[in-house]
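Submitted below is the structure of interest, expressed as structure tokens.
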Amino acid sequence: MLNNRTRIKDILSSDKTNYTCTVMGWVRSFRNNQFIALNDGSTNSNIQIVAPLGLLDEATLKRITTGACIKATGNIVPSLGKGQKIDLELRSLEIFGDCDGEAYPLQLKNRPSLEYLRDIAHLRFRTNTFGAVFRVRHALAFAVHKFFHDRGFVYMHTPIITASDAEGAGEMFRVTTLPLDGSAPRNEDGSINFKEDFFGRSTNLTVSGQLEGELAAMAFSDIYTFGPTFRAENSNTTRHLAEFWMIEPEMAFYDLEDNMNLAEAFIKYLIAFVMENNREDLEFLAQRLADEEKQKPQTERGDMGLIEKLEFVLNNEFQRLTYTEAIDILRESSHNKKKKFQYLIEGWGADLQSEHERYLVEKHFKKPVILTNYPKEIKAFYMRQNDDGKTVAAMDILAPGIGEIVGGSQREERYDKLVQRMHEMHIPAEELDWYLDTRRYGACPHAGFGLGFERMVQFVTGMGNIRDVIAFPRYPKSAAF
Ligand code: 4AD
Ligand code: MG
């Protein structure tokens, strides 16, 4: 048996001393041929290993370099030095993996930039920033399941390969085994004959599990999905990925208000979970953000620290208002009048850009906002049509520093109205006949939403770029690793 190690986090979080244990991990630094700082990823704190003079031979000492992987056994004793409470007094050492200090990209003395680390994403987990980010990401994923499980929701795995475009936006990655060299089978009119393709039809990577989720909600009442989602939109922003993870709960017997209540409770639960379970990592990330903010001009700095912001969101109700009310606020804003928006708000019906969303959240209300009842023209076909004939029962949640974090709606459960809307929006009803069956066989009022997982991780960690909260980001012209 090899793995008789003790996790560094467990050693450091206890006051116990005078016992023997074994640690394994990666060397962060080695000074004076005596002091090894070792990290195993369980916490950002390193354990200090003290090698008694003369214990290790010259050759071994040379092999203890930053990045090397070692096993160390010794006694846990109170530390004589400053900065740590305990040391591991070394008795025996084994080197699992050498690391050439000259070549190791994380050897840098200065703090490496996030941009540089993105190019070495395969190694960046070994930095404190990414250690904290990915432990928080894990905690959030765990909390997602706990939240829904505790409320009796059933976790559904919806397909990744699908023939439908749930959002109707046409931003899909095609999935095919047909040749690319022009020899693909053709129809008489020259178009590609997908009947000859692997699935006997044209398929793509899913943009949302919602439509399949609705089918399950019509049997289990409350379900959620949590899986990868793909969008071929050419957006090179700090908020967009081509491959991201989304959580999509779908609830029978919910109207728009029930939906908003659940979404708000969900977001608050996730924040509270991390505040309780990942305090050390949050404090590290708060300090990182504060240091980063100091580099910015005064006017661009946030007025709250990370932890302060999370506490504020936890302790305040989200501001709820309609799209129409939001448009009035934006149109009358001094920002609009002074033409500070890139896209000026001229009238009702305009789609909100992220600059408008952020104005509402960061300047006007200074807290998360839930916008409801958008014009039907700018929303998907499945949203429930309101009696005014103009709007649909949509809801978007906008978060400070992020913009849209949740998109959802009450669904159109009335068969005739749904088919009519699909027709108006050129959604092929015959291909979605299975979806329409839920409206034929025991339909009910229902609602759901989608939370962008990476945007939630950004919000909680304070990371400015979405590419820094997913292990191996996919975005236009980039699919490394
Ligand atoms: O608003 P969206 O497009 O809604 C849906 O997909 C619905 N089917 C959800 C539902 O009602 N079940 O996407 C939901 C959320 C957005 O609010 C955003 O947080 C995130 O998914 N999102 C993205 N995150 C990262 N990169 C992208 N390209 C994203 N597109 C959407
Ligand atoms: Mg949306």
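Counting starts at 1 for both ligands and their atoms, following the listed order.
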| Sole candidate of Y155, F266, F142, Y269 that passes ring-ring contact (aromatic ring centres under 6.0 Å, His included) when paired with F148 | F266

| Between R439 and Y435, is NZ or CZ placed under 6.0 angstrom from the six-membered ring centre and within 45° of the ring axis? | yes

| query | Will you find, in the side chains of R135 and N44, an N or O donor that is under 3.5 Å from an N or O acceptor? | reply | yes

| said: Checking side-chain polar atoms at under 3.5 Å, does Q420 have a donor or acceptor matched by the opposite partner on E424? | reply: yes

| request: Compute the minimum heavy-atom distance from G408 to ligand 1 and say whether it is under 4.0 Å. | output: yes

| request: Work out whether the distance between some heavy atom of E233 and some atom of ligand 1 is less than 4.0 Å. | output: yes

| task | Output yes when a side-chain donor or acceptor of E167 lies under 3.5 Å from a complementary backbone atom of A169, and no otherwise. | result | no

| said: Just to be sure I read this right, does ligand 1 sit under 4.0 Å from the backbone of F449, its side chain, both, or neither, counting only heavy atoms? | reply: backbone

| request: Could you check atom 21 (O) of ligand 1 against the protein and tell me its nearest heavy-atom contact, residue, atom and distance included? | output: M246 SD, 3.5 Å

| field | Check: L451 N/O within less than 3.5 Å of ligand 1 N/O | value | no

| said: Need the ligand 1 atom indices (1-based, order shown) with element for anything under 4.0 Å from a heavy-atom of S208. | reply: 6 (O), 8 (N)

| field | Protein heavy-atom partner closest to atom 19 (O) of ligand 1 - residue, atom, separation in Å | value | I405 O, 2.8 Å

| said: Checking a contact table here: which protein heavy atom is nearest atom 17 (O) of ligand 1, and how many Å away? | reply: E404 OE2, 2.6 Å

| said: Does R467 qualify as a cation-pi partner of Y475, given the criterion of NZ or CZ under 6.0 Å from the six-membered ring centre and within 45 degrees of its axis? | reply: yes

| query | Considering only protein heavy atoms, which is closest to atom 5 (C) of ligand 1, and at what distance to one decimal place? | reply | E167 OE2, 3.4 Å

| Does K309 make a cation-pi contact with F459 (under 6.0 Å, within 45 degrees of the axis)? | yes

| message | Given 3.5 Å as the limit, does a donor-acceptor pair link the side chain of D222 with the main chain of M251, or not? | response | no

| Heavy-atom contact under 4.0 Å between R239 and ligand 1? | yes

| Evaluating non-hydrogen atoms only, which member of V207, L211, L398, L241 is closest to atom 26 (N) of ligand 1? | L241

| For the atom pair CG (L114) and CZ (F130), what is the distance rounded to the nearest 0.5 Å? | 5.0 Å

| request: State, yes or no, whether a side-chain contact exists between R414 and Q385 at a heavy-atom distance under 4.5 Å. | output: yes

| request: Check ligand 1 against V406 and write out every atom of the ligand that is under 4.0 Å from a heavy-atom position of the residue. | output: 17 (O)

| request: Write out the residue and atom name of the closest protein heavy atom to atom 22 (N) of ligand 1, then the distance separating them to 0.1 Å. | output: F244 CE1, 3.5 Å

| query | ligand 1 versus W245, non-hydrogen atoms closer than 4.0 Å: side chain, backbone, both, neither? | reply | neither

| request: Using a 4.0 Å heavy-atom cut-off, say whether R411 meets ligand 1 through its side chain, its backbone, both or neither. | output: side chain

| With atoms numbered from 1 as shown, which atoms in ligand 1 lie under 4.0 angstrom from a non-hydrogen atom of G407? | 1 (O), 9 (C), 10 (C), 11 (O), 17 (O)

| query | If you draw the axis of the six-membered ring of F381, does the NZ or CZ of R421 fall within 45° of it and under 6.0 Å from the ring centre? | reply | no

| message | I want to check a possible cation-pi pair here: R151 against F147, using under 6.0 Å from ring centre and within 45° of the ring axis as the test. | response | yes

| note | The closest protein heavy-atom partner of atom 6 (O) of ligand 1 is R231 NH2, 2.9 Å

| In terms of residue, atom name and distance, what is the protein heavy atom nearest to atom 15 (C) of ligand 1? | G450 O, 3.7 Å

| query | Would you say the side-chain atoms of N386 and N373 include a donor-acceptor pair closer than 3.5 Å? | reply | yes

| query | Which atoms from ligand 1 have a heavy atom of Y382 less than 4.0 Å away? | reply | 7 (C), 8 (N)

| field | I466 and ligand 1 - part of the residue with a heavy-atom distance under 4.0 Å | value | side chain

| For ligand 1, does E454 get within less than 4.0 Å through its side chain, its backbone, both, or neither, judged by non-hydrogen atoms? | neither

| said: Looking only at protein heavy atoms, which one is nearest to atom 12 (N) of ligand 1, and what is the separation? | reply: E248 OE2, 2.7 Å

| Has E404 got an N/O/S atom less than 2.8 Å from the Mg ion (ligand 2)? | yes

| said: Test of understanding: given a 4.0 Å heavy-atom threshold, classify the contact between Q210 and ligand 1 as side chain, backbone, both, or neither. | reply: side chain

| query | Do F153 and F220 have their ring centres less than 6.0 Å from each other? | reply | no

